[in-house]
Amino acid sequence: MDLRSKFEITVQGIAASQGIAYGQIFVYLQSDVEVPSYQVEPERRIDEVARFDRALVVTRQQITKIKNEVEKNIGPEEAAIFDAHLMVLEDEALIGETIREFESSGRNIETCFHKISSRYVQAFAEIDDEYLRERAGDLRDVAQRVLHNLLGQAENSLNRLADQRIVLASDISPSESATLDRSAALALVMDSGSKTSHAVIVARSMKIPSVVGVRNLTQRVTNGEWAIVDGYDGIVILNPSESTLFRYGKIQEQKKSFEARLLEVNRQPAVTLDGVTVSLMANIERAEEVMKAKAYFADGIGLFRTEFLFLNTARWPGETEQFVAYKSVVEAMAPLPVIIRTLDLGGDKPMAGKSELFPKENNPFMGFRAIRFCLEHQDIFKEQLRAILKASVYGKVRLMYPMISGAEELARANAVLAECRAELRGKGVAFDEAMQVGTMIEIPSAAATADLLAKDCAFFSIGTNDLIQYLLAIDRVNDRIAHLYEPTHPALLRTLRYVVDQARQQKLSVSVCGEMAGDPIFAPLLLGLGVDCLSMSPAWLPSVKYLVRAMTMADARALAAEALTMSSPKEIYAKCDAFYRARVKME
Ligand code: PEP
Ligand code: MG
């Protein structure tokens, strides 16, 4: 529907990444394109076939271009994948049957092509032969591309936005979000999702305003609509009036001058008013992001999500490629520490085109992911462990395992690491013998057995994104229950206190690396509970540091102590919010 002729419409969603943007919407249609269906007048049927031909030609040009780029930048073997895609476009059966379907039904060509290609995809997917099953993926990819071209949505790639746009999508997968065009995405709005869905983590790291949980907005607007995205209050205003634009212009100016003030603390140490130094580290996903961590004077890398080396690539990054990536980060940060997390692949982060390793699961967040995957595929795990060990001589590396559920699993992971160490020692390859090994605490069973885990590792890093979802049974990417995802829930506070106490008793350091750590509203609560270090997207370091420098640790401890006596998450949140507002004034 064309909202331009209508009045301003405000859509309430969930505030996911702060900031305000104004611009035109680009509706990003993913794999499941919604195909309109209509009857084509007999006199327009020749044009319809010509339209189909044109879409096939454009698709061929696009794929050839990608193939050439891949060949140039990666290699001929990888580029060969696209030959299979080009062959789909020449498939007599697919094209011929689409035309015949069109001639007999008279429905628009998209409908006919969608029907026939879906039938083929289905047939391939059911074949009991791995090679042919993989062809189903090729066919689906090409079919989507043809449909996008027929529907006039050729520029649908997130890394090739034609212009600066507000990206509106129904959902964005972790691998898609890694391709988000940093310079062109003004804001990110999603029908589904929550504050800790991966696309939002990426948006926050890029300081892109984001609102999620706007339900079916993708179906209600079309490309080019104008909108304001307010990532503070979680609203999207379609077709804003002049007075709304004026009001938001003023707010934006205020926020900009506040941002400038924040940057003044960039080079200053993170020391509270009563003299306690707090460690503030950075979360990164790609080696290049280390530059951002340095630009914001991070005290180290608190979380390197290495699985992102494996997403968005048709190849398996081998030991050498991984070593080069880890070494570049370690060298850039030296002598500051770099905590490299072993692969958290699987679940919602499967590798594309590797369905044999990552079969579809009904419950991916509770499925075959992270350390579970690595312990079953030890060849893959060992390749990574060796690459990390080899990188450890170039600076200060710490290694950490994701999704550990108990002491036995930790012991198994450590045993594999010991084998890798022995192997390298045997070959005379140098590595840091004193490299610390830690574990993430992100599963309730790990938190409840923190005393046991502490015996077998050197530090804890609490992954609140997952810990909250498992503790409260709230799927972190389900917008229907996103309002129940409460970081101030007493269950979480008690769990954090228990983990910190156990760490203290056994002299382990403990950090938080979930999104909570980078939110200045929650930072005092975490520090007051006794957490030593907060690790966050680099862009959030100034906001948290600004607050740390404006508070006393004694006040933060009092806040945490009071919060621990309270029962309502909302009231605890209000306390944290008041704590923040009393110390940080926007104007
Ligand atoms: C977490 O769960 O808090 C975390 C940091 O890991 P990820 O967001 O990568 O699952
Ligand atoms: Mg996690």
Side-chain angles (χ1 to χ4, degrees), residues 16-17 172-175 177-178 193-205 210 212 280-286 289 293 298 300-311 338-351 363-374 398-405 409 438-447 459-478 482 485-487 489 492 495-496 499 510-519 522-523 526 531 533-538 540:
S17 174
I172 293 185
S173 73
S175 65
S177 64
S194 75
K195 281 184 184 179
T196 58
S197 53
H198 195 78
V200 169
I201 295 180
V202 171
R204 274 172 62 84
S205 77
S210 176
V212 298
L280 300 181
M281 299 220 211
N283 293 352
I284 61 167
E285 285 164 3
R286 293 168 307 115
E289 282 175 315
I301 301 297
L303 169 64
F304 183 178
R305 289 183 165 100
T306 57
E307 58 277 9
F308 283 85
L309 282 171
F310 291 70
L311 300 176
V338 175
I339 302 181
I340 304 180
R341 178 174 77 179
T342 58
L343 290 176
D344 188 0
L345 278 176
D348 68 324
K349 289 181 262 186
M351 261 187 95
N363 214 337
F365 273 114
M366 296 209 200
F368 187 52
R369 61 179 276 207
I371 200 70
R372 301 166 185 183
F373 171 86
C374 286
R398 291 180 187 153
L399 180 147
M400 126 174 128
Y401 308 118
M403 296 285 290
I404 289 286
S405 62
E409 201 166 33
T439 177
M440 287 198 70
I441 303 286
E442 52 184 345
I443 298 186
S445 60
F459 64 91
F460 287 156
S461 184
I462 306 176
T464 44
N465 300 343
D466 278 318
L467 185 57
I468 298 171
Q469 79 162 340
Y470 298 130
L471 206 52
L472 306 184
I474 304 294
D475 179 346
R476 75 191 238 192
V477 294
N478 183 342
Y485 187 98
E486 291 175 307
H489 197 291
L492 181 72
T495 305
L496 293 178
V499 173
V510 49
S511 67
V512 172
C513 63
E515 288 305 288
M516 236 183 130
D519 189 330
F522 300 128
L526 296 175
V531 167
C533 164
L534 301 174
S535 191
M536 64 203 77
S537 297
W540 291 91

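Just so you know, residue 1 is the first one in the sequence shown, and it goes up from there. These numbers come from a predicted model, not from an experiment. First listed ligand is number 1; within each ligand, the first listed atom is number 1.
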### Task
Compare every heavy atom of I443 with every heavy atom of L467, then report the nearest pair and how far apart it is.
CD1-C, 3.9 Å
### Task
Indicate the atoms forming the closest heavy-atom contact of Y485 with Q469, along with that distance.
CE1-N, 4.0 Å
#### Entry: Derivation and outcome, side-chain hydrogen bond (donor to acceptor under 3.5 Å, both in side chains), residues S535 and N283
CA-CA 6 Å; S535 191; N283 293 352; 2.6 Å; yes
### Task
Examine ligand 1 and decide if any of its atoms is less than 4.0 Å from a heavy atom belonging to E515.
no
### Query
Atoms of ligand 1 less than 4.0 Å from E442 heavy atoms?
1 (C), 2 (O), 6 (O)
### N, O or S of E442 under 2.8 Å from the Mg ion (ligand 2)
yes
### Task
Would you check if there is a donor-acceptor pair between the side chains of S461 and S511 at a distance under 3.5 Å?
yes
### Message
Test your reading of the structure: does E307 have an N or O sitting under 3.5 Å from an N or O of ligand 1?
### Response
no
### Query
Any idea which heavy atoms bring A203 and S210 closest together, and the distance?
CB-CB, 4.2 Å
#### Entry: Atom of L311, atom of L345 and distance for their closest heavy-atom approach
CD2-CD2, 4.0 Å
### Message
With heavy-atom distances below 4.0 Å as the criterion, list the atoms of ligand 1 near R305.
### Response
4 (C), 5 (C), 6 (O), 7 (P), 8 (O), 9 (O)
### Query
Which ligand 1 atoms are under 4.0 Å away from a heavy-atom of C513?
5 (C)
### the Mg ion (ligand 2) to D466: nearest N/O/S atom name
OD2
### Task
Could you tell me which atoms of ligand 1, counted from 1 in the order shown, lie closer than 4.0 angstrom to a heavy atom of K349?
9 (O)
### Enumerated ligand 1 atoms positioned under 4.0 Å from heavy atoms of G463
1 (C), 2 (O), 3 (O)
### Closest protein heavy atom (residue, atom, distance) for atom 6 (O) of ligand 1
R341 NH1, 3.0 Å
### Task
Using a strict cut-off of 4.0 Å, indicate which atoms of ligand 1 neighbour a heavy atom of L303.
5 (C)
### Query
Can you name the nearest heavy-atom pair linking D344 to R369, along with the distance?
OD2-NH2, 2.9 Å
### Task
Write down the atom of P444, the atom of Y470, and the distance for their closest heavy-atom approach.
CD-CB, 3.4 Å
